[in-house]
Amino acid sequence: MIPDALSLLLILIIAFLFSGALAPFEALGWWAGWFGRQKEDIAKTAEPVQKPSQAKHFVIFLTGIHSVSEASFARREIALLEQLRKRMPDAMILELFPYSVTNQALTGQRFFAWFWRLALKLKLSRLAFAGFIINMRNIWQVAVSADRRYGPIYNQGTAESMALTLRRHGYTFHSGTPITLIGYSGGGQIAIGAAPYLKEIIQAPITIISMGGIMCSDPGLGAIDRLYHLYGRRDRVQRLGFLLFPGRWPLLPYSAWNQALHDGHIQLVDMGPVDHTGKDGYLDSQQKLPDGRSYLEQTVATITAIIEEKSVSSALWFGRS
Amino acid sequence: MVELNLIGQSLALKDVAFLEVVRLESLRVALLVVFLAGLSHALGQSIVLFANEVKPRRFVASLILGALIYLSGFLFFSFSIWLVEGFIFGKEESFKNMVKVVGLAYSPYLFNFFILTPYFGSFFSVALSLWSLAAILVGLRAVLALSFWQAFVCSALGWVLLQLVNRTLGRPVHSLTRAGRRLVAGTKLEQSPKNLSKHQGRS
């Protein structure tokens with residue numbers, strides 16, 4: 001018996017709802033110590049840095065919701081990171097899988113690794129549905145970060161993962177070396193959620209760059225130094241953050257988002273006729289702007305300008321054309 | 001299978017389900033629905049257990065205790081409605097039948113665990129309450145031959161009565177259940193999601 005389209009749709013909706021209800025368990029179980037969480041103050045107990053890095057700036061890139069691990073970054077994301085490394089040789093550019101409180105790749109999970117490996121394989125062989133399942137799983141983790149009940153737990157977990165990643169790469173806590181978190185798509189929410197906790201651990205200034213980030217009016221925004229939200233005019237995905245989270249509506253001037261915006265902690269950066277992903281996306285190296293640069297080149301220039309504290313508008317299409 | 005049929009029909013708000021359930025001799029269906037709804041509710045609220053780092057075995061025991069407390073709350077609610085329908089509308093339905101009707105009308109609460117859903121949890125909570133209220137109204141109308149508004153007054157006053165009892169005579173019971181929850185969880189259950197973070201201001 002072949003189920004009709006309506007039944008299939010119903011099955012999909014039920015699966016989506018179930019995966020939503022199950023989404024917080026990884027973070028909650030981790031917090032409760034069910035998966036071996038060590039209760040410790042990372043800032044004090046993490047192993048001392050063997051070889052302190054000479055990098056003047058540390059950057060952590062948080063991938064979009066399409067990933068299953070930090071090693072499965074899309075081709076365009078790899079190009080972005082390569083270009084950033086070329087442009088800023090003094091900076092240490094790191095990658096992190098943000099949709100797990102323990103920075104554990106889906107393909108490295110205890111019980112479901114086989115499932116995510118299969119999903120990734122199918123996705124790479126261009127089966128759109130497999131990509132949908134991965135996106136769905138990660139979207140719910142973004143919602144866990146944005147949720148007032150689970151956010152404090154999830155965000156502390158990702159902040160600890162970030163701190164440990166930094167430490168592994170020679171970052172010395174309390175050294176004051178600045179950090180930049182680049183959150184692409186759902187990674188934007190993870191970045192603003194984790195930043196206040198990360199700041200507590202490392203005691204250094206943190207800048208966040210949201211690249212088409214889907215973000216809520218996170219209570220932690222009050223503790224953030226600077227947030228640059230890069231948005232393309234054709235990027236409808238990042239607009240979801242505005243639509244879904246009432247705290248971002250102008251109707252609520254005292255929300256965390258609107259207060260941070262009012263106080264100048266959030267800067268909205270218009271990237272021009274850019275889309276969220278794929279062709280015409282922030283990382284498209286083929287599509288050209290009126291000034292002759294590719295969309296990717298503009299994105300790289302903008303991120304570099306922010307990190308090097310130069311004029312952002314000079315990196316943008318309208319600032320040069 | 002009979003149970004599943006009845007639950008399915010009550011979820012679809014069909015009055016035949018309630019007429020059928022009062023014909024059954026035992027309270028099994030009603031109490032089973034409410035107990036499972038209670039388990040689902042306890043799971044939906046389990047963030048408190050996780051936040052307090054309750055261990056897996058105690059976690060399961062806490063869910064069962066939560067379900068039993070939920071069941072007792074349901075019995076009080078059914079009793080309140082039964083008092084109201086008897087005193088105000090002069091109906092002479094047995095308390096047992098009231099338990100069957102209200103119990104089956106708790107079927108939507110079987111989905112209480114959806115309260116866990118991040119960000120949309122409170123939407124589910126409200127939706128399930130309204131769904132169950134609708135089921136209670138259908139059940140009361142069918143079994144007691146009340147009009148819509150009479151059924152509504154019955155459940156609304158029943159609810160008010162329950163709240164009054166909760167806030168007065170129910171206080172010692174609450175202290176007792178709190179103590180029971182702590183005993184079973186093995187911690188004081190002092191942590192709430194709110195005080196886990198220093199960064200929880202307005203959102």
Side-chain angles (χ1 to χ4, degrees), chain A residues 14 16-25 27-34 37 39 139-156 159 189 192-197 199-200 216-224 244-248 252 254-259, chain B residues 8 11-12 37 39-63 108-125 127-128 131 184-203:
Chain A
I14 290 171
F16 182 69
L17 293 178
F18 264 95
S19 66
L22 295 175
F25 280 110
L28 294 176
W30 164 80
W31 178 268
W34 291 13
R37 173 179 181 245
K39 271 233 131 176
I139 280 173
W140 280 123
Q141 295 305 310
V142 175
V144 170
S145 167
D147 187 287
R148 283 189 73 101
R149 295 168 294 172
Y150 313 127
I153 288 174
Y154 188 90
N155 297 330
Q156 284 183 57
Q189 169 57 39
I192 62 167
Y197 300 101
K199 195 172 175 178
E200 259 175 43
C216 74
S217 175
D218 198 283
L221 280 168
I224 283 171
L244 284 176
F245 302 115
R248 287 187 55 186
L252 302 167
Y254 295 106
S255 70
W257 177 274
N258 287 325
Q259 278 294 301
Chain B
L11 288 175
L39 269 184
S40 186
H41 177 80
L43 194 62
Q45 304 290 344
S46 59
I47 170 84
V48 179
L49 299 174
F50 282 111
N52 288 281
E53 298 169 38
V54 173
K55 299 295 163 220
R57 276 186 193 177
R58 287 185 177 274
F59 182 87
V60 173
S62 298
L63 293 188
Y109 287 132
L110 290 169
F111 302 114
N112 261 330
F113 64 89
F114 278 118
I115 297 170
L116 281 167
T117 308
Y119 203 74
F120 301 102
S122 37
F123 162 77
F124 281 109
S125 176
L128 292 175
W131 192 358
V184 172
T187 81
K188 288 183 177 172
L189 296 176
E190 282 170 335
Q191 287 282 24
S192 72
K194 228 177 195 175
N195 59 22
L196 282 178
S197 166
K198 296 170 193 162
H199 305 290
Q200 286 289 296
R202 56 179 165 240
S203 59

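Reminder, nothing fancy here: chain letters follow the sequence lines and each chain counts from 1. Everything numeric here is computed off the predicted structure, so don't read it as measured data.
- In this view, B:Phe113 and A:Phe18 satisfy the ring pair (Phe, Tyr, Trp, His ring centres under 6.0 Å) rule, not counting sequence neighbours.
- Two residues are said to be in side-chain contact when any heavy atoms from C-beta on lie closer than 4.5 Å; B:Phe50 and A:Ile153 fail this criterion.
- Here the side chains of A:Leu17 and B:Thr117 are not in contact, with every heavy-atom distance at 4.5 Å or above.
- Considering every non-hydrogen atom in both B:Ile115 and A:Arg149, the closest pair reads O-NH1, 2.7 Å.
- Heavy atoms closer than 4.5 Å to chain A are found in the side chain of B:Leu43, but not in its backbone.
- Contact count versus chain A (heavy atoms, under 4.5 Å) is highest, among B:Ala51, B:Ser46, B:Gly44, for B:Ala51.
- Between the side chain of A:Tyr150 and the main chain of B:Leu116, a donor-acceptor pair closer than 3.5 Å is present.
- Residues A:Pro246 and B:Tyr119 come closest through the heavy atom pair CD-OH, 3.3 Å.
- Closest approach of A:Gly20 and B:Pro118 over heavy atoms only: O-CD, 3.0 Å.
- Your options are A:Asn155, A:Val144, A:Asn258, A:Leu221, and the one with the most heavy-atom pairs under 4.5 Å with chain B is A:Val144.
- Taking both residues in full, the closest heavy atoms of B:Phe114 and A:Ala21 are given as CD2-CB, 3.9 Å, listed atom of the first, atom of the second, then distance.
- With rounding to the nearest 0.5 Å, the separation of CD in B:Glu53 from CH2 in A:Trp34 is 12.0 Å.
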